[in-house]
Amino acid sequence: MEEPGGAEQRWLRAARAFVCETLHLVGPGGGGGPEQLADSVTRCLRSTWAGRSGELPLGYSFISISDLQCQQCTPCCSHMTWSTSEFKKWAHQGEDILPKQSVLPRTHLILIGYLTDGRRQEGKEKLMDGNLYVQDNTGSIPCQLLHFESEWLELLFLFPSWAYIPQTSQGSAGYVEILADPVPVDPRPKRVVDTIPVFYPATVAQLLSTRVPCQKRAKLNVAGELARLSTLLCIHHKTFFFLFLKCFTSAACVPVLVQKPPQLAWHHMLQLGHGYVLTALSVSSLKASGHKVFVTSVSSCLLPYCAEQVKEQPLEIVWRGGPIQPVSSKAAVQLPLELTDEKLPVPAKESKILSYTGIITRVLNTQAGLYELDNKICLCLAYQQLLNSARGLRPGACVELRDVHLLQKPLASFPFVVVLGACLHSTVLLKGFSRLSTFHQPVASSGNLYMQLLFRYNLGLPLYLWLVSLLEMLEQRFCCFVGRRQLFIHSVSRGPGVAEKFLVPILNAVVTSKAPVRDVHHEILAEMHHCPLQQYQPLEPPCQAPPLSLLRSVAEQRSKEAFNPLQLLSPLEAQHMGTQELNRRLAWSYDTFSAESFQPRMVLLGVLRASCSSGSLQLRDKSDSIPCVISRRDGSPFTDTALIGSLLQVETYQLVVERFLQSDFPSWEQLWILEHVRGTETRLYVQFCFEDVQILHTPEVQVQEGPTSNNSPWLGKNDVCSSKVELGSPEAKLPKLEGTHPGAGSDEGCDRGQSSARGTSCMSRLFLVTQKEGLMSRNYLPAAEGDGEELQLSFQATVLWMDKPRLWGHPREIGNLPELEQTNHQREDSEAQQRVLLLFMGRSLRWFPFLHPDGLYRLIVPQCLDFGVFEQPCLSPLQGRLLNQSGCHSCLLVSDTWHLQHETWISCLAQPQVIPGSEWAGIGQTVFSIPELLSNSFTGSLVSFSGEIVERTLCASPGNEKLSAPCSMRRQKGTLLPWDHSVKLSVSAAPGSSVVLDVYIAVAYLQHLWGLLPGAKILFQNLQRKISRFHNVYCTYIASSCISILALPPPCLLLSSNPAGIASKSPAATSPSLVFLSNLLLQPHSLSQGQILCNLSCVLALSLQWICSVCSSIFREGRCSRHSPPCPSHTGVSQASAKILVEDGTGEALVLCKNQQVAAVLGLSPVEWKAVQSNVQRRGSIFIQHGGANSRPGCVEEPEDLVTCYLRSLCRSRAICRTILLAFSLDRKPSKIPQPDSPQLRRFLCGEMEFVSRVGARLSLMCLNIQEADPKVLCGLSSKRIKTSIGHSA
């Protein structure tokens, strides 16, 4: 034999060193010496490498188990005996099913180790769990084989073909797939087996159906064909499996329980359809179910069946002379060709049981046990226990399924039509490993919430698939905010995880009846099959919680589909509107959706954040953010800064989609032609009550410990008015803001101060908010720092310092208002209580939704030791002017990194505790009532009041208000509304009240105002009260104004509101109260709307005309009459008005009626009214007035024609004079008909009787509706009115 070359010699030395270091003293008894072991390994390598170039694989290197686990981070494979062409052929297998997938890269590594089931590990008997391992001196690694024999256990093997599959998580070891049979390094001689006496299943099945005599029985050897093999199960920390041996000549079958740890490895040896002999079996009865089975003993062996080596024994030997019981006809478990299912009385679909072989094409959810087969079928293994952590179940692997359940479309929202479910009666076999380079996704053995909820509620497959979709949704949306561990894991300190808090109440509601406990033994052993997969009812999900981006798109799409201009306006009103008014009424509308508006019901989930750019609250997930408005049912503003960063669940909410429209509809007849819509933009937000919020997760909190005692009697009321949710220290309350990457502490964002404040000192100061102004663009920067004309979004608040600055070693040390205990000793100090103007801009805008007047707050400056940090000079001349206007001592710009913490409300503290009684009256703002503001004696200018919005309309701004908005705010993005318009809010003092005050808000301010919907109760602060030239009182929103949402619209009111902005329960939509005209004369401001039962005396004036819809000129014979310049419009609208005189016995009133109300006054039917309008269109206009003292001076009637004569005679007819029920509103504009200054004598007729009375000035009313008075209704109304009047007088 030639001397080996230098390379071969070096390779042999390395091989010997590797064997001595990693393999010696590992095998049973330590084996021979290291040299002998190295020689055996070399011989094995030479024989395996035979036929290749050279005698040894010099291009391959040895690798130990520890190096494989630590150094190999990506999947790889090694095929020592394969040629390049063979490897390429293997790599291209299955490309038709999984094309364009990366194949396992080939490495030149030699793997040698001992195949073991863990029994040789000292002190690690628990590793004998049915899994196999490859082991050497450096460690052990799990392995998966397709073929295993009992003689291989504890032998040293060379693995010529293998693949290493690491786990997806970094630093986690993987496992080894043995792609070809291993080669033993030192083969054992084949064991010679003597003739074995055996029993066959048909014979020993009698022992399972008869009572066993008390005398001790002998152990049995049973031979048969393996008909069924259960999965490995671990129950109560005990691992076991069942196998079923079938008779070779009949269908008789007996179950065998294998639970001894050294025998669990048999599960890898057994192959369906092969014959086996099991020795030393005994009969045992299972305590849980009472089933009788054969059980292996410690001395039991598993041997391959060979007919020449067995000898059948008679059953009488077992009894040792005992009586032989008659054989029961049901002694043997019959295995029909198709399993029979136990029929249940519940009406549901029956699943089909079948066998299937397919390729795993995708791992859908390894923790949930969901896989995709052949790109079309879903495989569910959740009802089995995957104790091997699903090793081998990778894309590209081939699996054989036996006795699995087929369910068709179990869940409506599930993407797969066909689902195969494996129960404990099913068998799942791995028939081929994957060639693809994919990582291992292990199934968690503990803390698997999917399996916990599945077995806790014994869920059927439809409900389980829906549960999986919800858990996947939670992980995708909030894992980056909360963390996967807090999302799923149940901890002792924090209790259930987020997912469990969300799902358990839902499952308790869905799973109404107590689900029966799953009987594992019965499911495996019973002749009549029964399992959770046997019957199913296709499920319509009871609720859904989609990502916020999907919620936004669905809501906007539904709003777009529901948009119909014909439904936004009443046809009776729209047909009389010109183009400008018609399109203005369509410019701003809204749609509202509740959870029940979606199918299935929509549950809202999101992390509460404070926006730095818009100054609004937001609900956020990974996909999107939605602004939100939060209110409280007690009417107090929302101030819980501790909730920032919390995960909220809301099931009762109002999702609002505001629609801004640019259109050019010529007239109401073209409203169905949507081509006239030139542009559409939407604004979406959600509003809900804090009491309807379920908090699923809060930031980490710690117990607060103040430097002084918190048991002061002065703080007695603090517990009553404090927040219902105690969420911890200021450190936990630091906000997480938009623009920051979740979980990244070093990212640039508003919550950078949270990490920097930890472990450092901080300054704090307590203050009381006395006034707050709204968001708008201002210029607070000095001229040296920026352009003086560039404005920046900001707001300001006037506050009162409640103490001096305090230094804390850590934010956790800040106590609950310890400063107030020393306030009595500091009142003589002017610095402790002085007014300061706080300026908020940039990232400090996040505090806008939390800051409210009369609130007590703490301003925290992290990483600060400077007691003068709260004393800053004015930065610009503008700030100096602001100080002079506000009467404050100083101005402080709130930094981006400072934090705000709400403590309590000033009303929750005793007056002497905080502020002396003499100063208490000057604190805060006075909230007036609407009747007070409407009173003529009121003299204030800036006012604050609260009320309910009953109507919202877009209108042209009042003449003196058109230029009130800053020029830079006239071109705001996000709205198509014209900047020179205003929104008019009709605000009532109380629900159903007829006392209404109009509030005008310029369009430029709307971008930062939310929740202005009919039915909402709003607190208006610092509005300017004005009186029009017609002596009407109204209010305007100015730069210093601010609003707060006190109460959301009731759902029934919001859903029934006109989308254009009129509440169905507003005074305009409900029946007003019945009054006398004399009451209106005495108190004209006490009632803005009402009803009167009156007599129509006469028609003073009547005007019918057709005007151009564009320029409002007279429209005659199908075209506009304007000639200079010519108008191209060919669309006209009809308008009618009438001035009538009514009286009810207590006074008279002039009533202005319009359009359809004129037809009601004249008593014309719809057909007659249409004919009159058609005739008027030929002339363009007709004007008729009543002669006499009430004639309008300077008015000339139209020339006489047939229509004019008809209308004049109708106006003078006695048929017009009748009793009517008139709904009205006060006309604040003075009448052009002159009114007498002093009471005048007037003549009244009542049938044949004539009365003369002295009456005062006539009221001016606007007609809302006219009804013909039925005599019976007249009697009832008159009686009710008399009783009401008597009650008031009493």
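Treat the numbers as computed from the prediction; the structure is a model and nothing was measured.
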Mind checking side chain to side chain contact (heavy atoms under 4.5 Å, CB included) for Glu669 and listing every partner two or more places apart, or none if nothing turns up?
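Glu669 satisfies side chain to side chain contact (heavy atoms under 4.5 Å, CB included) with Ser667 once adjacent residues are dropped.
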Arg1122: side chain to side chain contact (heavy atoms under 4.5 Å, CB included) partners, not counting sequence neighbours:
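By the side chain to side chain contact (heavy atoms under 4.5 Å, CB included) rule, Arg1122 matches Cys1111, Ser1113, Cys1120, Pro1125, Cys1127.
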Do any N or O atoms from the side chain of [X] and from the backbone of [Y] form a donor-acceptor pair under 3.5 angstrom?
| X | Y | result |
| --- | --- | --- |
| Ser1109 | Thr1131 | yes |
| Ser986 | Asp998 | no |
| Asn1095 | Ser1097 | no |
| Thr682 | Glu556 | no |
| Ser1209 | Cys1205 | yes |
| Ser1213 | Leu1210 | no |
| Arg585 | Cys955 | no |

If you draw the axis of the six-membered ring of Trp1106, does the NZ or CZ of Arg1179 fall within 45° of it and under 6.0 Å from the ring centre?
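Here Arg1179 fails the 6.0 Å and 45° test against Trp1106.
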Is Arg952 close enough and on-axis enough to Tyr590, meaning under 6.0 Å and within 45°, for cation-pi?
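No; the conditions do not both hold, so Arg952 does not lie above the ring face of Tyr590.
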Pairwise side-chain contact, Leu1162 with Ile1216, heavy-atom cut-off 4.5 Å (strictly under)
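Leu1162 vs Ile1216: side chains touch.
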Side chains of Leu1102 and Phe1183, heavy atoms from C-beta outward: is any pair under 4.5 Å?
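A side-chain contact under 4.5 Å is absent here.
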Going by the angle between their ring planes, with limits at 30° and 60°, are Phe598 and Phe593 parallel, tilted or perpendicular?
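Correct class here is tilted.
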So that I know where these two stand, are Tyr1000 and Tyr1034 an aromatic pair - ring centroids less than 6.0 Å apart?
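Between Tyr1034 and Tyr1000, which both carry aromatic rings, the centre distance is below 6.0 Å.
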Just by distance, no angles: are the side chains of Ser1134 and Gln1173 close enough, under 3.5 Å, to form a donor-acceptor pair?
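Distance-only check passes for Ser1134 and Gln1173.
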Under a 3.5 Å cutoff, is there a donor and acceptor pairing between the side chains of Thr680 and Arg659?
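Looking only at side-chain atoms, Arg659 and Thr680 do not form any donor-acceptor pair under 3.5 Å.
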Could you check whether atom CZ of Arg1119 has more than 12 heavy atoms from other residues, nucleotides or ligands sitting under 6.0 Å from it?
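No - once you tally the heavy atoms of other residues, nucleotides and ligands closer than 6.0 Å, there are 12 at most.
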After noting the C-alpha distance and the side-chain angles of Arg1218 and Glu1268, does the key distance pass the salt bridge (Lys or Arg N to Asp or Glu O under 4.0 Å) rule?
CA-CA 9 Å; Arg1218 62 192 188 278; Glu1268 299 294 335; 2.9 Å; yes
Out of curiosity, [X] [atom1] to [Y] [atom2], how far, rounded to the nearest 0.5 Å?
| X | Y | atom1 | atom2 | answer |
| --- | --- | --- | --- | --- |
| Gln662 | Asn583 | CD | CG | 10.0 Å |
| Ile1266 | Ile1220 | CD1 | CD1 | 5.0 Å |
| Ser1112 | Gln1135 | OG | CD | 7.0 Å |

Phe660/Arg683 under side chain to side chain contact (heavy atoms under 4.5 Å, CB included): CA gap, chis, key distance, verdict:
CA-CA 8 Å; Phe660 304 98; Arg683 186 174 75 159; 3.9 Å; yes
Side chain to side chain donor-acceptor pair (under 3.5 Å) contacts in which one or both residues fall within residues 1157-1170, not counting sequence neighbours
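Residue pairs with at least one partner in residues 1157-1170: Ser1165-Glu1168.
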